[in-house]
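Structure, as structure tokens:
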Amino acid sequence: MNCQTIRVHDTVSQSTIYGPGNRYVIWVQGCSLSCPGCWNIETWDKNGGEVRLISELIEEYESTGPHEGITIMGGEPLQQSSACLTLIEGIRDSNGSIVLYTGYEPNEFDETMQKCFMASDLVISGRYVQELRDIGLRWRGSSNQVIHRVSELYSE
């Protein structure tokens, strides 16, 4: 694969539960973090899902709106960080906001992962910890996960 394609598990064109407003959601395929208790284990296989052109995903996003923006989750998006960065930049060009879910902590980021983080509006980081599961948390599965307000778009 190259940065013009991304391996995708699924997409949903309209969702209000994975970030603020109505969002286009992409579940990327592949995750080697394998958090115990994860409810998306079907997204772990890095050879599963399908390879999609990022340009087609952006066209789909634009044609199924209006949207507040896009949410990228997984699997683990930052294990395809170059492709995710291309996707994020393309959605930015369409004036969409970016919510990024990652099991990585910021101190684990390489340079491209950091660029994905900085290009997003909200990032939910941290591995899912089954013992810390809390169904009352907004946008998070376990209490160790952190919501980073990277841009000023969502200040509260």
Side-chain angles (χ1 to χ4, degrees), residues 1-128 130 139-142 145-148 150-151 153:
M1 285 197 308
N2 59 49
C3 65
Q4 300 307 308
T5 61
I6 189 166
R7 189 169 288 276
V8 173
H9 175 75
D10 199 7
T11 62
V12 173
S13 62
Q14 307 285 324
S15 175
T16 58
I17 61 172
Y18 298 112
N22 184 41
R23 309 195 70 76
Y24 182 90
V25 181
I26 297 175
W27 285 266
V28 301
Q29 185 71 36
C31 180
S32 63
L33 299 178
S34 307
C35 299
C38 173
W39 51 83
N40 286 335
I41 60 173
E42 66 278 1
T43 67
W44 289 3
D45 181 1
K46 68 178 182 177
N47 298 310
E50 65 177 318
V51 175
R52 302 276 310 269
L53 287 170
I54 292 171
S55 60
E56 288 178 357
L57 290 170
I58 294 169
E59 287 174 18
E60 211 171 274
Y61 164 80
E62 292 171 344
S63 68
T64 58
H67 300 102
E68 174 91 8
I70 192 170
T71 297
I72 308 167
M73 49 196 330
E76 176 49 60
L78 294 184
Q79 289 180 357
Q80 299 183 64
S81 59
S82 293
C84 277
L85 185 58
T86 300
L87 175 62
I88 289 167
E89 290 169 347
I91 295 299
R92 280 267 176 245
D93 290 344
S94 295
N95 296 315
S97 68
I98 310 296
V99 174
L100 174 66
Y101 279 79
T102 180
Y104 289 108
E105 302 285 344
N107 66 339
E108 298 176 287
F109 294 168
D110 65 22
E111 184 179 337
T112 307
M113 295 163 131
Q114 182 67 31
K115 288 179 181 178
C116 290
F117 180 91
M118 294 307 297
S120 300
D121 296 295
L122 293 174
V123 177
I124 294 83
S125 71
R127 287 164 180 77
Y128 173 74
Q130 191 170 11
W139 303 328
R140 298 174 290 156
S142 57
Q145 294 172 314
V146 176
I147 298 173
H148 304 268
V150 182
S151 77
L153 183 61

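Note that these values count all heavy atoms, side chains included, but never hydrogens, waters or copies made by symmetry. The first residue of the sequence shown is numbered 1, and numbering continues consecutively from there. Values in this document were obtained by computation on a predicted structure and should not be read as measured data.
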task: Just do the side chain to side chain contact (heavy atoms under 4.5 Å, CB included) check on Ile88 and Ile72 with the steps written out, would you?
output: CA-CA 9 Å; Ile88 289 167; Ile72 308 167; 3.8 Å; yes
- request: Take Arg23 and Ser97 through the test side chain to side chain contact (heavy atoms under 4.5 Å, CB included) and record every step on the way to the result.
  value: CA-CA 9 Å; Arg23 309 195 70 76; Ser97 68; 3.0 Å; yes
message: According to salt bridge (charged side-chain N to carboxylate O under 4.0 Å, His left out), does anything in residues 53-74 pair up with another residue at least two apart or in another chain? List the pairs.
response: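 Output for this query lists Arg52-Glu60.
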field: Under-4.0 Å salt bridge between Asp45 and Arg7
entry: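 Looking at Arg7 together with Asp45, the answer is no, because their closest N to O distance does not fall below 4.0 Å.
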Mind checking the [atom1]-[atom2] spacing from [X] to [Y]? Nearest 0.5 Å is all I need.
X: Thr102; Y: Gln145; atom1: OG1; atom2: CD; result: 10.0 Å
X: Leu122; Y: Leu153; atom1: CG; atom2: CG; result: 7.5 Å
X: Met118; Y: Ser151; atom1: CE; atom2: OG; result: 9.5 Å
X: Trp27; Y: Thr71; atom1: CH2; atom2: OG1; result: 9.0 Å
X: Cys84; Y: Ile6; atom1: SG; atom2: CD1; result: 4.0 Å
X: Glu108; Y: Asp110; atom1: CD; atom2: CG; result: 11.0 Å

- request: Can you run down the ring-ring contact (aromatic ring centres under 6.0 Å, His included) pairs that involve residues 82-128, sequence neighbours left out, and say none if there aren't any?
  value: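 As it turns out, the ring-ring contact (aromatic ring centres under 6.0 Å, His included) pairs with a partner in residues 82-128, which skip direct neighbours, are Trp39-Tyr128, Phe109-Phe117, Phe117-His148.
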Quick one: does any side-chain atom of [X] pair with a main-chain N or O of [Y] as donor and acceptor, under 3.5 Å?
X: Glu76; Y: Gly103; answer: yes
X: His67; Y: Ser13; answer: yes
X: Ser15; Y: Val25; answer: no
X: Asn22; Y: Pro66; answer: yes
X: Gln4; Y: Ser55; answer: no
X: Asn40; Y: Gly75; answer: no

Closest heavy-atom contact between [X] and [Y]?
X: Tyr61; Y: Ile70; answer: CE1-N, 4.3 Å
X: Ser125; Y: Glu105; answer: OG-OE1, 4.3 Å
X: Ile147; Y: Trp139; answer: CD1-CE3, 4.0 Å
X: Val99; Y: Pro20; answer: CG2-CD, 4.0 Å
X: Ser120; Y: Val150; answer: O-CB, 3.3 Å
X: Val146; Y: Arg140; answer: N-CD, 4.3 Å

field: Test log, rule side chain to side chain contact (heavy atoms under 4.5 Å, CB included), inputs Ile58 and Ile91
entry: CA-CA 6 Å; Ile58 294 169; Ile91 295 299; 4.0 Å; yes
query: Do Leu33 and Gln79 have side-chain heavy atoms sitting under 4.5 Å apart?
result: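 Touching, per the 4.5 Å side-chain cut-off.
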field: Side-chain heavy-atom pair Arg92, Asp121 within 4.5 angstrom cut-off
entry: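 A side-chain contact under 4.5 Å exists here.
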task: Tell me, yes or no, whether the heavy-atom count around Ile41 atom CD1, taken from other residues, nucleotides or ligands under 6.0 Å, exceeds 12.
output: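 Atom CD1 in Ile41 is not crowded, with 12 or fewer foreign heavy atoms closer than 6.0 Å.
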field: Cys116/Leu100 under side chain to side chain contact (heavy atoms under 4.5 Å, CB included): CA gap, chis, key distance, verdict
entry: CA-CA 8 Å; Cys116 290; Leu100 174 66; 4.2 Å; yes
- request: Classify the side-chain pair Gln130/Ser142 by whether it contains a donor and acceptor separated by less than 3.5 Å.
  value: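 No, because no side-chain N or O of Gln130 sits under 3.5 Å from a partner of the opposite role on Ser142.
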